[in-house]
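Report on the structure given below.
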Number of protein chains: 2
Amino acid sequence: MASRPSAGSVTIEDVAREAGVSRAAVSKVIRNAYGVSPAMKARVTEAIEKLGYRPSVSARGMRGKTFTVGIEIPELSNPFFPKLLAGATAALSGSPYRLIIAPADPEHGEGYRAIQALVDRQVDGVIAVSPLVDPEWLEALADHVPVVMIGRHDRSPKYDAVVSDDEDGARQVMRHLLDLGHRDIAHLTPAAGLAGIESGAPQAIRLAAYRDAMQEAGLGDRIRVVGSPNGQPESRRVALGLLAEADRPTAVFASHDEPALGVMHAVADAGLTPADVSVAGYDDVEIAAHPGISLTTVDQHGERMGRLAAELLLERIAGRAEPRHETVRPELVVRTSTRPPRPRGGAPRLRAVGRT
Amino acid sequence: MASRPSAGSVTIEDVAREAGVSRAAVSKVIRNAYGVSPAMKARVTEAIEKLGYRPSVSARGMRGKTFTVGIEIPELSNPFFPKLLAGATAALSGSPYRLIIAPADPEHGEGYRAIQALVDRQVDGVIAVSPLVDPEWLEALADHVPVVMIGRHDRSPKYDAVVSDDEDGARQVMRHLLDLGHRDIAHLTPAAGLAGIESGAPQAIRLAAYRDAMQEAGLGDRIRVVGSPNGQPESRRVALGLLAEADRPTAVFASHDEPALGVMHAVADAGLTPADVSVAGYDDVEIAAHPGISLTTVDQHGERMGRLAAELLLERIAGRAEPRHETVRPELVVRTSTRPPRPRGGAPRLRAVGRT
DNA sequence: CAGTCTGTGTAGATTGATCTACACCCAAAC
DNA sequence: GTTTGGGTGTAGATCAATCTACACAGACTG
């Protein structure tokens, strides 16, 4: 039920008066500090209860901790990020810390403002997800407040990182597609992927793995990288163009599930089926398992990553100074959106289909 | 780029010293208050710039405003809520206010803790989405801080509300299904729907509209209400049970898209197709438009609702005292998951199908 | 020339909690 | 009977802003 909501009206002073003790005594009780007799503790607790007292986070923030950790998230529309949040929330639920989320306003550059907003609010720690914020900027930030970065592969001694092994995940996808017999495999990546591998962005790692896998398979001349924003409609439009080309690829590997869904949409738009063009994604969003979609993809274990990030942050807050970099192993999930390519030149036929 | 991140290290005192003025003067400049000469303003602005000063939200919160508004959201996994967030973020982006999000920990009751966490952080206003928090509690809260409730239909003089016309939306769905010829229509609803219409929860309104529509169509004896948690796996399980019954419904109307997707999944699991069992949802999540899904549903215009809520909140913060209750008109979106029912007794056949 | 006004800037109280330093009391030790 | 000392509790400074009240200057008025 929760008691009456009280918005700062009741202060520690009121509690002290009610219990007939000093402010300091009340403070000790709520902080579980040393030097409180059971009797006083009881009296104070009762007064707190009776008045519905809640400590002001602002006042606490003036001297030290706010018991708040912040997570910065780009594109909440992408269902992968809520997984991270769920994991982080779970990891924090036993602790005295609350999670607040700052959405990166897509209008403004890559989460700087969102992270800054968290810092302004004196959070005790920051989890950041935007892959392109400047490492030097992050290091300067990490001098003041514990930082855990999710997803990015650069290693800094100043902040921790939780990453998925994107190299491995992308290679699993490529091996799968190559094993099926595909040779014309295109890769769809957002701008962040094109930023270059030294950015450490997961998309950049996946792109590099795609390139390497193609080279190693002797398909260097068939490498085809297409840039596209991450949204479903955008990637659908881009994919439509790709599919209209004379030598359209037999498979498309998208760097995320969102654009992969857009590609699947485009495949249907173009009057084709997964038998004509295979599609693979990355993230294993919930809907990918739906029979109407059945998207082959890579499970990054987002909840685990979110949980791990929160745990690392708590350790940092508790005082750890040595950096930690944790890698989560991704897992290929094969579904029906990837199939062997049609024999060259074969025209698409309408086939009798049961259920997928 | 954003300048170096500074975590409270630089204070207003430092700026004042740097500019050779008093703290009060600096305060005036950053608040755009009366009584600053252009010359002083320039000096102070320069000093702020040079030192990378950022006002401490905590200290500000000690006396008055934090320039932060909070939104409480249940189940971030449901893609409808990010729509609300996008709208609210957009509406706020011109203002000096930042949005922070408090996810309702599903372990604990209906968002009380999340809302309380926002209030503890002295937000200047609260947007709340959980439909089941106690109205009296909310009114007590609204005495202290502006509140806008999204989705719930009870009218309070203390707080504003943005609702979708759920009665109308649900009736549109029912009219559509009845027009198609369905008579055995089941309704899937979460616990909140069963809480009773007086709760004002959107699910409860939809449930009531379903009941009424059935009654008015002379199908009172075929009313079938099934309770199910909102998650996709849960509703899939529940729906499997429903479909296994001897007199299974020819159509299922789910109170949200999430469970509707679960029902569609179950339909496929049971070896059936939309031609056997029609499914309609509510929310128009992005994936509903995907050809592999093609779910008939109701567009609630989530972005518009989020935007409206943020606008109302800003008005409240600016001083409006009279309550406002805004209704957004929903829109039926017909897709292929709803079809005319098979003639009674006809067994499901395997049919040759092109693309949907 | 005294009095008033206006524009500009400052001093200092205030906000709610934390935390160090210290005072007090009663018991055990010498 | 003084000393030591652990256990409890309090006073008061502190954190970074805001904001009221006021001081002081120069210009204008009667």
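Only this structure's heavy atoms are used, side chains among them; waters, hydrogens and symmetry mates stay out. Chain naming here is simple, since letters A, B, ... match the order of the sequence lines and numbering starts at 1 in each.
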Rounded interatomic separation in angstrom, taking [atom1] from [X] and [atom2] from [N]:
| X | N | atom1 | atom2 | result |
| --- | --- | --- | --- | --- |
| A:Arg31 | C:dT20 | CZ | P | 9 Å |
| A:Met62 | C:dC19 | CE | P | 14 Å |
| A:Arg54 | C:dA17 | CZ | P | 11 Å |
| B:Phe67 | D:dA16 | CZ | P | 19 Å |
| A:Arg23 | D:dC15 | CZ | C1' | 13 Å |
| A:Glu13 | D:dG12 | CD | C1' | 13 Å |
| B:Lys28 | C:dG7 | NZ | C1' | 10 Å |
| A:Lys41 | D:dG7 | NZ | P | 17 Å |

If you check the [X] side chain, which of [options] turns out closest?
| X | options | answer |
| --- | --- | --- |
| A:Ser27 | C:dA17, D:dA16, C:dT18 | C:dT18 |
| B:Ser56 | C:dG16, D:dT10, D:dA17 | D:dA17 |
| A:Tyr34 | D:dG9, D:dT8, C:dT10 | D:dT8 |
| B:Ile12 | D:dA17, D:dG9, C:dC19 | D:dA17 |

**Report entry** Cationic tip of A:Lys65 above A:Phe67 ring, under 6.0 Å, 45° of axis
**Finding:** yes

Requested in this report: Under 4.0 Å between any heavy atoms, over every strand shown, what does A:Val26 touch: base, sugar-phosphate, or nothing? Just pick one.
Outcome: nothing

Query raised in the report: Is any N or O donor-acceptor pair between the side chain of B:Arg63 and the base of D:dT18 shorter than 3.5 Å?
Result: yes

Answer yes or no: does a side-chain N or O of [X] lie under 4.0 Å from OP1 or OP2 of [N]?
| X | N | answer |
| --- | --- | --- |
| A:Arg60 | C:dG16 | no |
| A:Ser58 | C:dA17 | no |
| B:Ser22 | C:dT10 | yes |

Report task. Say whether, by atom type as modelled, one donor and one acceptor occur between the side chain of A:Arg320 and the main chain of A:Leu312 under 3.5 angstrom. Result -> yes

